[in-house]
Protein chains: 2
Amino acid sequence: MSGGVPPGLSFSEWQAAGFDATACPVRNVLDRIGDKWTALTLSALAERPRRFSELHRIIPDISKRMLTQTLRGLERDGLATRHVFPTKPPSVEYRLSPLGRTVLPPLGGLVAWAAENFPEIRRARARFDAMPETGGE
Amino acid sequence: MSGGVPPGLSFSEWQAAGFDATACPVRNVLDRIGDKWTALTLSALAERPRRFSELHRIIPDISKRMLTQTLRGLERDGLATRHVFPTKPPSVEYRLSPLGRTVLPPLGGLVAWAAENFPEIRRARARFDAMPETGGE
DNA sequence: CGGGATCCAGAACGATACTG
DNA sequence: CAGTATCGTTCTGGATCCCG
């Protein structure tokens, strides 16, 4: 077979949405999971539900502000749910929704690709960056 | 089966990279394809090689600046190659590299998920946004 | 035609301090 | 514990003009 386009990546899908960021499903999803912390948070929630401070512990580099914001984004899109236990002090648990679980396989596919091909990408970058700028001596 | 984590999404993959954006494969890949135009450009190149102006025609919303920048990024990462034909005026063709082709299936998986679940996400957002802010009357 | 250079607005993000 | 509020910085992307 020569030059087949994988299903789901056809150009017409984007064109149907008219490139409008509000209407384009791909841009909406990429804007969410392409941000700095969502994919990582998703993966942390994939194993099991986690409390806020637990997430913060296992993702040390994230600030509370960004963790909150990331979780709100997931909650807003219906990918995760938030459960408050009125203990003292309060504890809040986040868990993936059924919808949220369905994104794990496709996301995992991309993650696997990244892990597998990153060495080659790094080499490509090194080569590219070492190239003399056009006209350079 | 209860609560299995899909392969390739395990938390330890991130932890192994120490969350360092420079070293983390997932962040590197997501930073690239998560940007505003890369996924769309990739999809445009999936069908067949395209010339610069051709890409610009079929993705009208992108500026020349961003199209150039996006293509440079793909080239740098070894996902696409650039071929200059010294005609007059010059014409430049871009095409996916073998490595670039391998990203299409996983990316396509995510695109398909986006297309399929965007309606539900929109409903979730509408519900979330309609919720009274905590403490609102 | 296929860019590069410059400028600028807005968004994303980090650090810090405060709160129920 | 689980946030919110505020501030400052950095990064992204759009507009415009110029060039071979």
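Below, chains carry the letters A, B, ... as their sequence lines are ordered, and counting in each starts from 1. Fair warning: this is a prediction, and the values are worked out from it, not measured in the lab.
Distance R50(A) CZ to dG3(D) P: 16 Å, rounded to the nearest Å. Taking atom CZ of R27(B) as the reference point, atom C1' of dC11(D) lies 13 Å away to the nearest angstrom. Going from atom CG of D31(B) over to atom P of dT12(D) covers 8 Å, rounded to whole Å. Atoms CG (L55(A)) and C1' (dG3(D)) sit 14 Å apart, rounded to a whole Å. Taking atom CD1 of I59(B) as the reference point, atom P of dG14(D) lies 12 Å away to the nearest angstrom. If you measure from atom NE2 of H56(B) to atom P of dA15(D), you get 10 Å, rounded to the nearest angstrom. The distance between atom CG of L30(A) and atom P of dT12(D), rounded to the nearest whole Å, is 15 Å.
Between R51(A) and the phosphate of dC1(D), there is no side-chain N or O to OP1/OP2 separation shorter than 4.0 Å. In this model, the phosphate group of dG3(D) is approached by a side-chain N or O of Y94(A) to a distance below 4.0 Å at OP1 or OP2.
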For nucleotides 14-20 of chain C, 5' to 3', base contacts (B), sugar-phosphate-only contacts (S) and non-contacts (-) with protein non-hydrogen atoms under 4.0 Å give BB----B
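Linking Ile, Leu, Val, Met, Phe, Trp and Tyr residues whenever their side-chain heavy atoms come within less than 4.5 Å places L45(A) and V84(A) in a single cluster.
Listed by chain and residue number, S53(B), E54(B), S91(B) satisfy the side-chain contact (heavy atoms from CB on, under 4.5 Å) test with R51(B) (two or more places apart in sequence, or in another chain). Residues satisfying the side-chain contact (heavy atoms from CB on, under 4.5 Å) test with S97(B), not counting sequence neighbours, are T81(B), L99(B).
Within the 4.5 Å cutoff, the side chain of L67(A) has no heavy atoms near those of the K64(A) side chain. Looking only at side-chain heavy atoms (C-beta outward), L96(B) and L74(B) stay at 4.5 Å or farther from each other. Put simply, the side chain of I58(B) reaches to within 4.5 Å of the side chain of R50(B), judged on heavy atoms. At a threshold of 4.5 Å between non-hydrogen side-chain atoms, the residues V26(A) and F118(B) do not count as touching.
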Validation: residues 108-115 of chain B side-chain donor-acceptor distances under 3.5 Å, sequence neighbours left out:
residue: W113(B); atom: NE1; partner: T102(A); partner atom: O; Å: 3.3
residue: W113(B); atom: NE1; partner: T102(A); partner atom: OG1; Å: 2.9

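Looking only at distances, a side-chain donor or acceptor of R27(A) sits under 3.5 Å from a matching main-chain atom of K36(B). Panel note: side chain R82(B), backbone E75(B); no donor-acceptor pair is recorded below 3.5 Å.
Bending across the helix from dC1(C)-dG20(D) to dG20(C)-dC1(D), expressed as the angle between its end axes from five pairs apiece, amounts to 40° (10° rounding).
Contacts between residues 67-84 of chain A and DNA chain C, counted as heavy-atom distances below 4.0 Å, involve no residue at all.
For CZ of R76(B), the number of neighbouring non-hydrogen atoms (other residues, nucleotides, ligands) closer than 6.0 Å is greater than 12.
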